[in-house]
Every structure is written in C-alpha cells, then in structure tokens.
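In this text the structure is predicted, and so the values were computed from the model without any measurement.
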Amino acid sequence: MARFYPPRPNPDTPKSEIETWKALESLPNSWRVFHSVAWQVPKQKRTFDGEADFVLLHPKHGMVVLEVKGGLLDVRDGVWFQRNVSGGNWRELSRSPFDQAKGAMYDLQKYLATAVPGLGEIPATRGVVLPAASHPGVLGPDMPAEMLFAKADLRSLDEGVERLVSYSRITADLSRALIDGVTNLLAPTITIRRTVGSEVNDVEDQLLQLTDRQVGVLDLLRRHRRALITGGAGTGKTVLAIERARRLAAEGNSVLLTCFNRPLGDHLAEATADLEGVRGQSFHAFARWLFGEAGLDMPKSPTPEWWAEELPDLLFTAKDNLGVAFDAVVIDEGQDFRPAWFMGLQMLLEDPDEGPFYVFADPNQSIYIDDWESPIEAEPFPLDINCRNTIQIAKKVANVMGMEAASLGVDGIAPQFIVAATPQEKLAALGEVIRGLVQDEGIEPSQITVLGSHRRPVDEGKGTIVGGVRAGSLGSGGMVVETIHRFKGLENDVVIVALDKVESDRHRALAYVGMSRARALLVVLGSKEVRKAIAW
C-alpha cells in the first residue's frame with residue numbers, strides 16, 4: 001500500500017475525499033500520497049498561494065495532482081455546476097475541476113522548484129476525481145477521459161493512475177533524497193521533547209508527537225495569511241510558532257519571529273539560529289537592533305509611554321531608512337502586545353495588507369495588559385490539549401482558572417502544596433525541598449527552577465546557597481531563581497513557585513503562568529488563603 005501523509009484522514013475530511021483516500025490505498029508502496037496540501041509563497045515572487053486535494057509522488061512517474069469534487073456534477077455549454085447528492089439547487093463553479101487541477105499542478109511545480117534544492121521542475125500531470133458521478137466520457141479537448149475518475153473507477157484507481165501517467169507521458173528520475181525533501185516540505189514531522197515520569201529522573205526522555213489538532217492547525221495556517229491561534233498553558237503555542245516560522249522560511253519568506261519576554265526571545269533566537277531567513281528576537285531587543293541599524297536615536301532609558309506611543313511610528317521610519325522589510329511576522333505570547341505594536345509590526349511587512357501575520361496567544365496569561373485585544377478580526381484557531389505537563393500538573397493548573405484539563409501528558413508525581421505564609425517560612429521550606437530533591441532524589445540543580453512573584457527578593461536570592469545549592473540566573477547552567485514574569489514562556493522539569501497572594505485576576509494569571517512552567521514536578525509554597533484561592 002502507498003505511504004500516506006498524514007497517516008490517517010482528519011475527522012473533518014469530506015466524504016468524497018474519504019472515498020478517494022480509500023481508493024488510493026490500492027497504489028503500491030512505491031507511491032507517496034499527500035492529502036490536503038497547501039502552500040504559501042512571497043507575493044513579490046509572482047507565484048501564488050495554492051492547495052490541492054491529493055498529491056501523488058513517485059520516483060519514476062513524477063507527480064500527480066488530483067482535484068476531488070463531491071456531489072453531482074453537470075456541464076452546460078462548458079460551464080460546470082454542482083449540487084449535493086441529497087438534493088438542493090445547482091451551484092455554478094467559478095472554475096472547472098480540470099482548471100483547478102491544472103492551476104494547482106503548475107503552482108506546486110513552481111513552489112517545489114524554489115523550495116527543494118536540486119529538484120528543478122518536477123514532471124507532473126493532473127486528474128479529476130468525481131466519487132459520486134458516473135463517467136461522462138470526453139468533455140472537451142482539454143478534459144480527456146484519461147484524466148477523469150468517476151465512481152466506477154474508484155474500484156481500481158491504481159490502474160487508473162497508471163493509465164493517467166502513461167497517457168501524460170511523464171517520466172522522472174527522483175532520488176530518495178529529493179523525494180524526502182518534498183515530503184519534509186509538504187508533510188513535516190514535528191516533535192516536542194520533554195522529560196516526564198513517576199520519579200522524574202527514573203524515566204527516559206520521551207518524544208511526543210504533536211496532537212492531531214495541532215498538526216491540523218499548522219496545515220490550516222497554510223490557507224490563511226492572517227490568523228490568531230489561542231491556547232492555554234502547555235498547548236504547544238511556542239513550538240507551533242517556531243514551526244510556522246520554519247515552514248514560512250522554507251517557502252522562501254523572510255520571517256520575523258518575536259515575543260515580549262527577553263528570555264523567551266533568546267529561546268526563539270536559539271531555536272531558529274540555523275534557519276536562513278528567520279530573525280528570532282524579543283520585541284524590545286529587535287527594536288533596539290532595528291533603530292541601531294537605521295541610525296535612529298533611542299532613549300537610554302525609554303519610558304513605558306515611549307514604548308507604547310512613540311515606538312510604533314518609529315518602526316515605520318526605521319523601515320524606510322534601512323529598507324528592511326519582512327515577508328511574514330509570527331508573534332508568540334501575543335497577549336503581551338499592545339494594539340499599536342501590532343500595527344507597527346504589520347507595517348514592517350513587505351506587503352502590509354496581505355503579508356502573513358500570525359499571533360499565538362493565551363488571554364489567561366495576560367499579566368501586563370488589561371482587556372487585551374486581538375489584531376486579527378477572524379475567529380481564532382483553538383488549541384485545547386496540554387502536551388507539556390503531566391496529567392496531575394495539568395489539572396492543578398486548569399483549576400486556577402476554573403477550566404477543565406485536557407492533557408496528553410503521562411501519569412506523574414502528585415504536585416505538592418506546602419503551607420508557608422511568611423518569607424522566613426517560605427525560605428525554610430524551599431531549602432528543605434531543594435535539599436531533598438538533590439541529595440535524596442538525584443535531581444540535577446539544572447532541572448530545578450524557583451519562581452517568585454516579586455523581583456526584589458528574587459534578585460536578592462541569586463548567588464545565595466539554598467538547600468545546599470547555589471541559586472543562579474537564566475543561562476547560569478545551574479538552579480535558576482527568577483520571577484514568574486521573566487520565566488514566562490519557558491519550562492523546566494521541576495518548578496517551585498512561591499506565591500504571596502492571589503486576590504485579583506492579575507494575581508490568578510500570575511499563579512497560572514508560574515505553575516504551568518513545570519513539566520514533571522510542581523511544588524507551590526503559599527499560605528492557606530493562597531491554597532484556597534487557586535482551588536488546590
């Protein structure tokens with residue numbers, strides 16, 4: 001049987017495409033079958049976004065693009081009409097299925113030729129599948145019978161495909177490397193790496209494939225140039241933002257991948273360091289770089305008002321002075337961005353009106369802005385499966401916001417809440433927990449992160465010895481002590497969160513952010529009032 005990408009159809013796949021999928025299973029294993037393929041390219045390259053219902057790939061036969069049309073079809077004076085099998089009005093199609101297949105084939109040839117090194121223009125042909133219709137015979141000089149597959153043809157579609165490539169006289173000589181290159185572009189594999197287990201250290205690292213919903217969102221984004229992707233903590237927004245930037249770059253786009261938080265910006269930069277065409281950086285660091293390159297003066301200590309009001313206009317000036325523009329912008333942790341920042345970043349696009357612009361956000365983590373507004377008018381694409389935390393941690397995190405937990409995490413250690421009201425009690429409890437983890441449980445200091453609500457005690461704690469372990473800053477290589485704000489968007493195996501109070505929505509959002517950073521073990525220090533407030 002042929003290899004399918006994805007390996008099974010999405011639950012929302014139309015019946016006509018499900019029937020075609022099953023018929024294509026008769027192809028031998030030398031074929032690769034891609035379902036619901038879409039691509040985006042920079043507008044200035046004079047090629048256009050496109051999509052195809054099925055793309056077939058073979059080392060000797062090249063590429064076959066299939067357009068599937070369900071329901072009943074009728075052709076009147078060269079114009080195609082369609083209606084449901086169950087009845088209803090006939091609807092005129094703006095293009096014939098043959099035109100759609102032909103256009104998709106040519107656009108995909110151009111796209112692959114620029115995106116896959118060494119491929120060139122792949123030999124290709126196209127066909128139309130009508131799963132609910134009888135074969136009408138020849139429809140015209142540009143619609144030969146060999147390119148049309150009706151209901152009866154689905155019983156032996158493997159033979160029909162062989163006839164099609166023979167009729168089209170296409171031959172190819174595609175190496176395994178070239179076929180793999182096309183496959184990686186049309187159906188990339190994405191994984192999340194994390195450490196989980198009942199005793200943290202006793203379980204080997206596992207690789208967790210992204211959920212069907214997440215892969216589905218990535219595929220849908222190829223059909224939308226502007227989108228808001230929302231999801232709770234641990235639903236993979238950062239992973240997907242990086243992957244979206246990677247795919248855009250692979251399609252020939254220059255991409256700005258940015259966020260609010262400096263440590264998260266450093267992570268984005270590191271994750272995309274080997275990707276040509278991607279600039280990963282926090283928004284503030286990017287602005288400083290852009291202004292420096294453009295020769296613009298920037299205050300040594302910009303005020304919040306300057307960042308909020310003057311910066312957006314200066315971004316456009318810097319773009320003009322420097323000639324810097326991006327084909328696409330991807331924003332992670334978008335709930336931290338002000339409306340004017342979105343506008344300024346949009347103006348940095350080569351095509352401000354239609355250039356790809358994606359925002360990944362979790363309104364529940366909006367700890368800087370009240371009444372956050374999305375810059376995208378369309379309905380968001382939701383992510384609702386937690387794939388970072390263990391099941392036990394996911395439930396505790398969801399409880400903070402009164403939500404249901406939907407987690408694909410493995411079973412793990414029960415999170416701990418230690419009642420400690422005063423700073424002295426918290427410090428004593430913290431030392432005891434860290435000493436036990438490192439000395440008794442074999443946890444490495446680098447696996448531990450301690451998070452606090454306020455900057456002053458956190459800064460004072462850096463460099464001190466707690467539980468026999470030196471507390472350091474991000475990037476120190478040991479145990480990290482940091483504020484929840486600065487660690488936002490990051491994660492670690494063991495996270496200890498010290499909460500002073502949870503008396504407002506802002507406090508609740510901060511607790512939610514801090515607790516969700518833990519992958520395998522979560523410990524919370526706080527008063528009895530805090531325990532009650534977070535619904536422990």
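- With rounding to the nearest 0.5 Å, the separation of CD in Gln392 from CD1 in Ile413 is 9.0 Å.
- At distances below 3.5 Å, at least one donor-acceptor pair connects side-chain atoms of Asp327 with backbone N or O atoms of Ser254.
- Closest of all the heavy-atom pairs between Phe357 and Ile331 is CZ-CD1, 3.8 Å.
- Side-chain atoms of Asp493 do not come within 3.5 Å of backbone N or O of Ala520 as any donor-acceptor pair.
- Ring geometry for Phe34 versus Tyr5: interplanar angle under 30°, hence parallel rather than tilted (30 to 60°).
- When every heavy atom of Asp362 is checked against every heavy atom of Gly232, the shortest pair comes out as OD2-CA, 3.4 Å.
- Applying the salt bridge (charged side-chain N to carboxylate O under 4.0 Å, His left out) test to pairs two or more places apart or on separate chains, those with a residue in residues 499-512 are Asp370-Arg506, Lys426-Asp500.
- Checked against ring pair (Phe, Tyr, Trp, His ring centres under 6.0 Å), Trp306 has no partners two or more places apart in sequence or in another chain.
- Residues Ala429 and Ala420 share a closest heavy-atom pair of CB-CB, 4.5 Å.
- Across all their heavy atoms, Leu311 and Phe291 have their closest contact at CD1-CZ, 3.3 Å.
- Distance alone, capped at 3.5 Å, is enough to place a donor-acceptor pair between the Asn492 side chain and the Gln447 backbone.
- Phe487 places none of its side-chain heavy atoms less than 4.5 Å from the side chain of Val513.
- The ring-ring contact (aromatic ring centres under 6.0 Å, His included) contacts involving residues 503-534 comprise nothing, where partners must be two or more places apart or lie in separate chains.
- Atom CG of Leu348 sits about 7.0 Å away from atom CZ of Phe326, to the nearest 0.5 Å.
- With hydrogens and angles disregarded, a donor-acceptor distance shorter than 3.5 Å links the side chain of Gln40 to the backbone of Arg222.
- Trp372 places a side-chain heavy atom less than 4.5 Å from the side chain of Ser374.
- Applying the salt bridge (charged side-chain N to carboxylate O under 4.0 Å, His left out) definition to pairs two or more places apart or across chains, none involves residues 522-535.
- Applying the salt bridge (charged side-chain N to carboxylate O under 4.0 Å, His left out) rule to pairs touching residues 456-465 yields Arg455-Asp459, Arg456-Glu460, Asp459-Lys462, Lys462-Glu482, sequence neighbours excluded.
- Remark: the backbone N or O of Ala421 is paired with a side-chain donor or acceptor of Glu425 at under 3.5 angstrom.
- Inter-residue side-chain proximity for Ile496 and Ile434 is flagged as met; some heavy-atom pair is nearer than 4.5 Å.
- Take Asp180 and apply the salt bridge (Lys or Arg N to Asp or Glu O under 4.0 Å) test, not counting sequence neighbours, and it matches Arg32, Arg176.
- When atom types are taken as modelled, the side chain of Trp39 and the backbone of Arg223 share no donor-acceptor pair closer than 3.5 angstrom.
- Atoms CD and CG, from Glu377 and Leu228 in turn, are 12.0 Å apart once rounded to the nearest 0.5 Å.
- In this structure, Glu491 pairs ionically with Arg519, as a charged nitrogen and a carboxylate oxygen lie closer than 4.0 Å.
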Which pairs of donor and acceptor atoms, one on a side chain in residues 257-272, lie under 3.5 Å apart (sequence neighbours left out)?
{"residue": "Thr258", "atom": "OG1", "partner": "Gln281", "partner atom": "O", "Å": "2.8"}
{"residue": "Thr258", "atom": "OG1", "partner": "Phe283", "partner atom": "N", "Å": "3.1"}
{"residue": "Asn261", "atom": "ND2", "partner": "His485", "partner atom": "O", "Å": "3.2"}
{"residue": "Asn261", "atom": "ND2", "partner": "Arg486", "partner atom": "O", "Å": "2.7"}
{"residue": "Asn261", "atom": "ND2", "partner": "Lys488", "partner atom": "O", "Å": "3.0"}
{"residue": "Thr272", "atom": "OG1", "partner": "Leu268", "partner atom": "O", "Å": "2.7"}

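- Within 6.0 Å of atom CE in Met401, more than 12 heavy atoms from other residues, nucleotides or ligands are found, so the atom counts as buried in its surroundings.
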Give the C-alpha distance, both sets of side-chain angles, the deciding distance and a yes or no for side-chain contact (heavy atoms from CB on, under 4.5 Å) between Asp313 and Leu315. CA-CA 5 Å; Asp313 291 337; Leu315 286 177; over 6 Å; no
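- Residues forming a ring pair (Phe, Tyr, Trp, His ring centres under 6.0 Å) with His224 (at least two apart in sequence, or on another chain): Phe381.
- Side-chain atoms of Thr13 do not come within 3.5 Å of backbone N or O of Pro9 as any donor-acceptor pair.
- Once rounded to the nearest 0.5 Å, the distance linking CG of Asn184 with CD1 of Ile179 reads 12.0 Å.
- With values rounded to the nearest 0.5 angstrom, Leu474 atom CG is found 6.5 Å from Leu490 atom CG.
- Between Leu521 and Pro415 the shortest side-chain heavy-atom distance does not fall below 4.5 Å.
- Scored by the ring pair (Phe, Tyr, Trp, His ring centres under 6.0 Å) test, Trp307 finds His284 as partners (sequence neighbours excluded).
- The minimum heavy-atom distance between Ala245 and Val278, with the atom names listed, is O-CG2, 3.9 Å.
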Evaluate the side-chain contact (heavy atoms from CB on, under 4.5 Å) criterion for residues Leu248 and Tyr358: first the C-alpha distance (whole Å), next the side-chain angles of each, then the deciding distance (0.1 Å), finally the verdict. CA-CA 11 Å; Leu248 285 164; Tyr358 302 101; 3.9 Å; yes
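- Remark: Trp536 pairs with Phe417 by the ring pair (Phe, Tyr, Trp, His ring centres under 6.0 Å) rule, at least two apart or across chains.
- At least one side-chain heavy atom of Arg226 sits less than 4.5 Å from a side-chain heavy atom of Gln346.
- Pro352 is linked by a side chain to side chain contact (heavy atoms under 4.5 Å, CB included) to Lys319, Met347, counting only residues two or more places apart in sequence or in another chain.
- The two atoms that bring Leu185 and Ala115 nearest to each other are CD2-CB, 3.4 Å, heavy atoms only.
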Test salt bridge (Lys or Arg N to Asp or Glu O under 4.0 Å) on Glu251 and Arg247; report intermediate values, then the result. CA-CA 6 Å; Glu251 293 167 344; Arg247 290 191 181 188; over 6 Å; no
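- Arg225 places no side-chain N or O within donor-acceptor distance of the main-chain N or O of Gly355, the cut-off being under 3.5 Å.
- Between Val495 and Leu451 there is a side-chain heavy-atom pair separated by less than 4.5 Å.
- Leu437 contributes atom CG, which lies 10.5 Å from atom CD of Glu432 (distance to the nearest 0.5 angstrom).
- In this structure, the side chains of Met515 and Val524 come closer than 4.5 Å at one or more pairs of heavy atoms.
- The salt bridge (charged side-chain N to carboxylate O under 4.0 Å, His left out) pairs that include a residue from residues 337-348 number zero, where partners must be two or more places apart or lie in different chains.
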Can you list the steps and then say if Phe360 with Thr238 is a side-chain contact (heavy atoms from CB on, under 4.5 Å)? CA-CA 8 Å; Phe360 292 77; Thr238 297; over 6 Å; no
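- The shortest side-chain heavy-atom distance between Val450 and Met479 falls under the 4.5 Å cut-off.
- Within the 3.5 Å criterion, the main-chain N or O of Ser476 finds no donor-acceptor partner in the side chain of Ser473.
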Chi angles and distances behind the side-chain contact (heavy atoms from CB on, under 4.5 Å) call for Leu57, Leu174: CA-CA 10 Å; Leu57 192 65; Leu174 302 178; 4.2 Å; yes
